[in-house]
Amino acid sequence: MPEIDGMLVDVMAISGARGASLVDWTSGLALAVAGEGPGGDHARGAADVAELARVVMLQPSFADPLADDPGAEDLILTTPDRYHLIRFLTAGFDARLLLHLQLDRDAANLALARRQLAAAATGSAVDR
């Protein structure tokens, strides 16, 4: 996993980014944050996004056991003024981490932001 501060800088450079957080989805704690928190509160937003992540990741419906599929890669949630992208991270230890990115709907390109978020999560470069 890339260095956390550098990853958040890359994530916040995505067009339309309003806020980002690195969240432990088992505990609901925000480990690192940048920009605006959902509803102005990163801690509450982390708890909410962790609850959503647990619902998805702990359900066998979202994984293919025959393909040894680890489950969802990311989630996209839309609201009238925001896109919420949630990217599940893999780490060298048994951490259950995710990146939560809030995007301004009027300023963001959802498809490109999804690719850029995936690249930031792995430390890869993607054209902006």
Restricting to salt bridge (Lys or Arg N to Asp or Glu O under 4.0 Å), what partner residues turn up for [X], sequence neighbours left out?
{"X": "Glu51", "value": "none"}
{"X": "Asp104", "value": "none"}
{"X": "Arg44", "value": "Asp48"}

Next on the checklist: So, using ring-ring contact (aromatic ring centres under 6.0 Å, His included) as the criterion, who are the partners of His42 when residues are at least two apart?
Outcome noted: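 For His42 there are no ring-ring contact (aromatic ring centres under 6.0 Å, His included) partners, ignoring immediate neighbours.
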How long is the span from the [atom1] atom in [X] to the [atom2] atom in [Y], to the nearest 0.5 Å?
{"X": "Met57", "Y": "Ile86", "atom1": "CE", "atom2": "CD1", "answer": "11.5 Å"}
{"X": "Glu73", "Y": "Leu89", "atom1": "CD", "atom2": "CG", "answer": "11.5 Å"}
{"X": "Leu85", "Y": "Leu98", "atom1": "CG", "atom2": "CG", "answer": "12.0 Å"}
{"X": "Gln102", "Y": "Leu77", "atom1": "CD", "atom2": "CG", "answer": "10.5 Å"}
{"X": "Thr78", "Y": "Leu110", "atom1": "OG1", "atom2": "CG", "answer": "8.5 Å"}

For the backbone of [Y] and the side chain of [X], can you confirm whether one donor and one acceptor N or O come within less than 3.5 Å of each other?
{"X": "Ser27", "Y": "Leu29", "result": "yes"}
{"X": "Arg82", "Y": "Arg105", "result": "no"}
{"X": "Ser15", "Y": "Ala107", "result": "yes"}

For the residue pair [X] and [Y], establish whether any side-chain heavy-atom pair is separated by less than 4.5 Å.
{"X": "Leu103", "Y": "Ile14", "result": "yes"}
{"X": "Ile76", "Y": "His84", "result": "no"}
{"X": "Leu8", "Y": "Leu99", "result": "yes"}
{"X": "Leu97", "Y": "Val23", "result": "no"}

Checklist entry - For the residue pair Trp25 and Phe88, does the interplanar ring angle fall in the parallel (under 30°), tilted (30 to 60°) or perpendicular (over 60°) class? => result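 Taking Phe88 first and then Trp25, their aromatic rings stand perpendicular (interplane angle over 60°).
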Checklist entry - So, for Arg54 and Thr26, which heavy atoms are closest and what is the spacing to 0.1 Å? => result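 Result for this residue pair: NH1-O, 3.6 Å.
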Item to check | side chain to side chain donor-acceptor pair (under 3.5 Å) involving Asn109 - partner list, sequence neighbours excluded | outcome: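 Asn109 satisfies side chain to side chain donor-acceptor pair (under 3.5 Å) with no other residue.
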Next on the checklist: Quick check on the hydrophobic clustering: are Ile4 and Val11 connected, directly or via other members, by side-chain heavy-atom contacts under 4.5 Å?
Outcome noted: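 Yes, same cluster.
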Checklist entry - Same cluster for Leu22 and Val33 if Ile/Leu/Val/Met/Phe/Trp/Tyr side chains link at under 4.5 Å? => result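 No, no single cluster joins them.
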Next on the checklist: Can you confirm whether more than 12 heavy atoms, excluding those of Arg87, are under 6.0 Å from its CZ atom?
Outcome noted: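 Count over threshold, so yes.
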Item to check | salt bridge (Lys or Arg N to Asp or Glu O under 4.0 Å) partners of residues 11-24, not counting sequence neighbours, each pair once | outcome: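 Non-adjacent pairs meeting salt bridge (Lys or Arg N to Asp or Glu O under 4.0 Å): Arg18-Glu36.
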